[in-house]
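Because only heavy atoms are used, hydrogens play no part in the values below, and waters and symmetry mates are left out as well, while side chains stay in. Start at 1 and go down the list; that is how both ligands and their atoms are numbered. In this text, all values refer to a predicted model and were calculated from it rather than measured experimentally.
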Amino acid sequence: MRAPEILIFDSGVGGLSVAGCIRRQLPGAHLSYLADNACFPYGDQPEELVSARCVSLVHQARLHKPVDVIVIACNTASTVVLPHLRAVIDIPVVGVVPAIKPAARLSDNGRIGLLATPATVKRVYLEQLVIDFAADCVIERVGHPDLVRWIEAWVAGVPLPESRLRSALEPFRLAGVDTVVLGCTHYPLILDTLKALLPTVRHWIDSGEAIARQTAHLLAQRGFDSGNDTHSGAGLQTVWFTGQIPTGIAGYLERVGLSARQTLASWPETEGSTDSLATGSV
Ligand code: DGL
């Protein structure tokens, strides 16, 4: 059987943290990555715009590549688009939402920090997760407006502003959280720095491995074997950006072991669609 084709979608480079987990768990799969960085960050955008762009870009990507599973590797998008996308698409869609449930299970003191984008911390979806799975916990929410931008710049070689980052994390220190949920796929990329700034946190919850497991499960259900790198050309195939290709991205991909066979490409200007997407008129 041919190698399964997985499309991973995010607003920027954050979904690469998920791509890394998928690459390790499914070494025989073909991965494509689509970053809607023309509209980055999604955390600053209205829900309707995020949802419309996500659906439209996923449809367009399928015109360019066969896709067996779509991974929306973005909390900010997943928390608004998943039901809609699943209703209009005929292949499985895996999403990522803040891992409140595992955090509530792991926390010893019931004090949990949620680090996410300003949009994700305000989502109705998030409130429901807290009600359903962590009603007896204190959830300290930090919806930071700049952290995703700092991480995009860091990938391009700009040092993180550590003192500003330390101040941003201060509410977690004051609340005495022992568990932090990384509610944005950009954040696992700087996990070492976060750990160094908050050494008393015992559990850091990143959803990447769980997403990779769910993707593997859905592919196995469809008869694919992606556990072994037996398909020639497995790995990251194409990395598309709807905006400018970020400086330093090729070197970064290589450093995180995602470089094999990748082609960096601007989003194809077909269907005349990117202009209308930029204004949200889809
Ligand atoms: N990686 C995205 C997420 O998980 C970043 C969102 C943004 O662009 O603001 O939410």
Side-chain angles (χ1 to χ4, degrees), residues 7-22 31 33-55 57-58 70-82 85 93-100 103 113-127 129 141-156 160 165 168 180-191 194 204-212 214-215 239-244 246 249 252-253 256 258 267 277-278 280:
L7 174 69
I8 302 166
F9 178 89
D10 185 28
S11 58
V13 299
L16 293 174
S17 66
V18 176
C21 297
I22 293 178
L31 314 185
Y33 190 87
L34 170 54
D36 185 15
N37 64 334
C39 200
F40 176 85
Y42 273 5
D44 287 0
Q45 311 295 349
E47 291 187 10
E48 301 71 30
L49 177 71
V50 169
S51 187
R53 286 187 71 91
C54 188
V55 171
L57 287 165
V58 163
I70 293 161
V71 178
I72 303 299
C74 175
N75 292 257
T76 311
S78 292
T79 46
V80 288
V81 79
L82 288 182
L85 194 56
V93 178
V94 181
V96 54
V97 296
I100 297 293
L114 169 65
L115 189 59
T117 65
T120 298
V121 296
K122 283 190 245 137
R123 294 273 199 256
V124 173
Y125 196 110
L126 192 264
E127 278 319 307
L129 283 177
R141 298 158 172 82
V142 171
H144 199 277
D146 295 321
L147 189 44
V148 284
R149 289 187 179 86
W150 296 344
I151 294 171
E152 292 274 325
W154 174 78
V155 163
L160 289 167
L165 186 50
V180 173
V181 176
L182 299 174
C184 168
T185 54
H186 279 70
Y187 303 162
L189 300 178
I190 60 155
L191 181 57
L194 295 172
W204 291 88
I205 319 269
D206 161 19
S207 307
E209 297 296 341
I211 297 164
Q214 175 65 2
T215 307
V239 182
W240 282 305
F241 294 94
T242 58
Q244 280 193 337
I249 188 70
Y252 182 76
L253 288 171
V256 296
L258 278 170
W267 183 242
L277 280 169

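Residues Val155 and Tyr252 come closest through the heavy atom pair CG1-CG, 3.6 Å. The shortest non-hydrogen separation linking Cys54 to Tyr42 is N-OH, 4.5 Å.
The distance between the ring centers of Tyr187 and His144 does not fall below 6.0 angstrom.
In summary, the atoms of ligand 1 found under 4.0 Å from a heavy atom of Phe40, numbered by their order in the structure, are 8 (O). Per-residue contacts place His186 under 4.0 angstrom from the following atoms of ligand 1 (heavy atoms of the residue considered): 1 (N), 2 (C), 5 (C). Taking every non-hydrogen atom of Thr117 and a distance limit under 4.0 Å, the qualifying atoms of ligand 1 come out as 6 (C), 9 (O), 10 (O).
Relative orientation of the Trp240 and Trp267 rings is perpendicular, given thresholds of 30° and 60° on the angle between their planes.
Residue contacts with ligand 1 for Asn75 involve both N, CA, C or O and side-chain atoms from C-beta outward (heavy atoms, distance under 4.0 Å). Heavy atoms of Asp10 found under 4.0 angstrom from ligand 1 belong exclusively to the side chain. By the criterion of a heavy-atom distance under 4.0 Å, both the backbone and the side chain of Pro41 are placed next to ligand 1.
For atom 6 (C) of ligand 1, the closest non-hydrogen atom on the protein side is Thr76 OG1, 3.3 Å. Nearest protein heavy-atom neighbour of atom 8 (O) of ligand 1: Ser11 OG, 2.6 Å. Ranking the protein heavy atoms by distance from atom 7 (C) of ligand 1 puts Tyr42 N, 3.3 Å first. In terms of protein heavy-atom proximity, atom 9 (O) of ligand 1 is closest to Gly43 N, 2.8 Å.
A side-chain hydrogen bond (donor to acceptor under 3.5 Å, both in side chains) with Thr120 is found for one member of Thr76, Thr79, Asn75 and no other, namely Thr76.
By the salt bridge (charged side-chain N to carboxylate O under 4.0 Å, His left out) test, Glu209 is found to be paired with Arg24, residues two or more places apart in sequence or in another chain being considered.
Not a single N or O atom of Cys184, backbone or side chain, sits closer than 3.5 Å to an N or O atom of ligand 1.
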Stepwise side-chain contact (heavy atoms from CB on, under 4.5 Å) check, Leu258 with Tyr33: CA-CA 11 Å; Leu258 278 170; Tyr33 190 87; over 6 Å; no
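Between Leu194 and Leu115 there is a side-chain heavy-atom pair separated by less than 4.5 Å.
Look at Cys74 and you'll find a heavy atom under 4.0 Å from some atom of ligand 1.
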